[in-house]
Amino acid sequence: MSVELYDTFSRSVQTLSPWSGDKLRFYCCGPTVYGPAHIGNFRTFLIQDTLCRVLKVDGTCVQHVRNITDLDDKTIFQSQAEGKNLSEFTTYWSEKFHSDCAALNMLAPSAEPSAVAHIPQMINLVEKLIEKKHAYATDDGSVYFRVSSYKDYGRLSRLNQRELKTQSSNSAGQVNDADEYDRESVTDFALWKSRKPEDGDNYWPSPWGEGRPGWHLECSAMVHSSFDGETIDLHGGGIDLCFPHHENEIAQSECAHGKEFCKHWFHTAHLMVEGEKMSKSLGNLYTLDDLCAKGFSPMAIRYTLISSSYRQQLNFTFDGLHASQSALSKLERFAQSLLDKTGEASKDFNATYVTAETIKDFGLLAKAWDALRQNLNTAASLGAIFGVIGSNPAASLDAEGARSMLRAFGSLLYALGLELYKTEDKIIDAPADIIALANARWAAKQSKDFNKSDALREELIEKGWVVNDEKDGFNLEYRS
RNA sequence: GGCGCGGUCGCCAAGUGGUAAGGCCGAGGACUGCAAAUCCUCUAUCGUCGGUUCGAUUCCGACCCGCGCCUCCA
């Protein structure tokens with residue numbers, strides 16, 4: 001068994017395996033905690049989470065590190081705008097990020113280092129770079145990376161140095177005008193920024209004077225300390241980070257430590273919303289809370305965000321969200337049909353997943369598992385699952401057969417991170433007046449007063465509740 | 001201009017050198033007092049034009065169209 005994944009560096013699909021030892025070292029550029037993460041952020045994190053899950057089911061031990069960016073232009077400026085100190089501000093948004101992750105059924109990473117906690121390591125890194133002539137300090141106490149000193153610069157994104165434009169903006173998109181003339185070259189980027197009045201209290205002492213680290217530096221420092229200086233196997237992030245962020249990480253790390261930084265690069269394509277680029281100005285920048293408020297479940301959101309190729313742009317639509325909800329229900333019915341055969345009651349597949357090695361044979365679901373292993377083809381995997389569902393296998397299985405199919409299916413659900421039966425509560429939680437109406441309707445129906453029962457049903461529909469009759473009763477379903 | 005991604009059924013979306021998975025929606029049927037829910041059945045020749053081939057949606061070339069990155073961004 002093995003897992004394969006497209007690698008940006010070689011532009012080809014490569015097998016993932018630890019280059020040394022028995023655990024796969026996997027680093028992801030995490031969220032900048034200056035507000036709620038949006039679904040575009042979550043697409044990337046969710047795809048990364050799904051990969052971790054697939055690796056786990058495959059039996060690979062993963063050391064997954066995802067940082068928290070809590071020290072950059074955006075967190076500093078936004079915290080000041082809100083009159084809060086940086087730590088109070090970023091703690092709040094980190095916690096919000098964590099609760100969103102939990103709602104989306106994401107596994108917690110092995111570690112989540114924070115940038116502010118790594119300032120000494122960053123300073124140490126800059127000292128090494130200066131020592132090796134890959135960096136230089138300017139008169140105002142800033143330090144820049146000398147891009148011309150690293151001949152491989154641009155290899156990941158395949159940009160030639162001569163094609164590089166300036167790196168003259170900060171991470172909040174504002175132009176750094178003051179230092180324009182201090183740099184040797186417009187392509188050089190900041191490792192350390194000298195203290196500016198607008199930074200407020202957010203400055204730290206360094207050999208070059210008070211200031212703060214440049215944005216790209218934190219990932220190099222945290223990778224180094226999180227993985228004991230070892231070359232890592234896999235590095236993930238949104239496609240936009242390929243240049244310049246990842247290019248800069250490579251340059252900083254390889255020049256400082258003199259060894260290969262990372263073996264395999266994993267980039268996720270961006271999200272469009274209803275055919276347009278997602279942006280605040282278009283008003284289509286959704287957070288998890290926004291969508292939940294519209295009545296969509298976190299699971300439907302997860303399903304939507306992971307159900308297509310991670311290398312292709314995903315056009316996020318409300319139609320798609322509805323489709324996901326329906327598809328999820330179909331998976332639940334299938335699970336129920338297997339459960340009925342086995343007589344088992346546990347619906348918590350996430351707690352009972354088993355590794356591929358234990359399963360040995362995914363049986364009819366083998367195609368679905370192979371699709372996940374082969375470059376995380378979630379769309380093909382789901383397609384294969386539904387293909388099996390369509391053949392109604394439960395009908396011809398005995399209890400033992402159903403049990404083994406359930407085990408394979410459960411592991412696929414675990415790998416995809418899909419938790420079934422999460423929306424059941426909605427059915428039970430109908431308010432008292434709705435339940436009273438529904439009971440009255442049922443009574444009318446029992447006494448064959450169909451005019452009255454139909455009228456009551458209409459009334460319920462107007463209030464957003466659909467009645468589904470069963471043999472000996474009914475259930476209520478909320479439709480937003 | 002450079003680096004990438006894509007154009008497959010109404011929508012979303014896999015895929016392979018030998019005549020196209022799947023999801024949603026829709027239609028018909030079963031069930032139902034009627035519905036709803038559920039179940040069953042049904043719907044494409046793959047952007048355009050050339051080439052290679054016994055045979056291409058799948059390989060090559062050209063072209064058209066959409067999108068991303070190249071400045072902060074997952």
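Just so it is clear: chains get the letters A, B, ... in the order the sequence lines come, proteins before strands, and each one is counted from 1.
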Does the side-chain hydrogen bond (donor to acceptor under 3.5 Å, both in side chains) test come out yes or no for A:Asp233 and A:His264, once each step is laid out? CA-CA 6 Å; A:Asp233 296 292; A:His264 191 129; over 6 Å; no
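Phosphate proximity of B:rG2 to A:Arg158: absent, as no side-chain N or O sits under 4.0 Å from OP1 or OP2. Within the structure, a side-chain polar atom (N or O) of A:Gln312 is placed less than 4.0 Å from OP1 or OP2 of B:rA14. Contact annotation: A:Arg311 reaches the phosphate of B:rC5 (side-chain N/O to OP1 or OP2, under 4.0 Å).
A side-chain N or O of A:Asn375 and one of A:Tyr310 form a donor-acceptor pair less than 3.5 Å apart.
If you check every strand for non-hydrogen atoms under 4.0 Å, A:Lys277 touches sugar and phosphate atoms only. Residue A:Asn377 is in sugar-phosphate contact alone, with no base atom involved, counting any heavy-atom pair closer than 4.0 Å across all strands shown.
The distance between atom CG of A:Asn375 and atom C1' of B:rA14, rounded to the nearest whole Å, is 13 Å. One atom, CG of A:Asp319, and another, P of B:rG23, lie 17 Å apart when rounded to the nearest Å. To the nearest angstrom, C1' of B:rG4 lies 15 Å from CG of A:Asp7.
Comparing the P positions of B:rC24 and B:rC3 gives a spacing of 42 Å, expressed to the nearest Å.
Here A:Phe450 packs flat against the base of B:rG33; its ring centre is closer than 5.5 angstrom to the base's six-membered ring, tilted by less than 30 degrees.
Residue order along RNA chain B, read from the 5' end via each residue's closest nucleotide, puts A:Asn315 first among A:Lys445 and A:Asn315.
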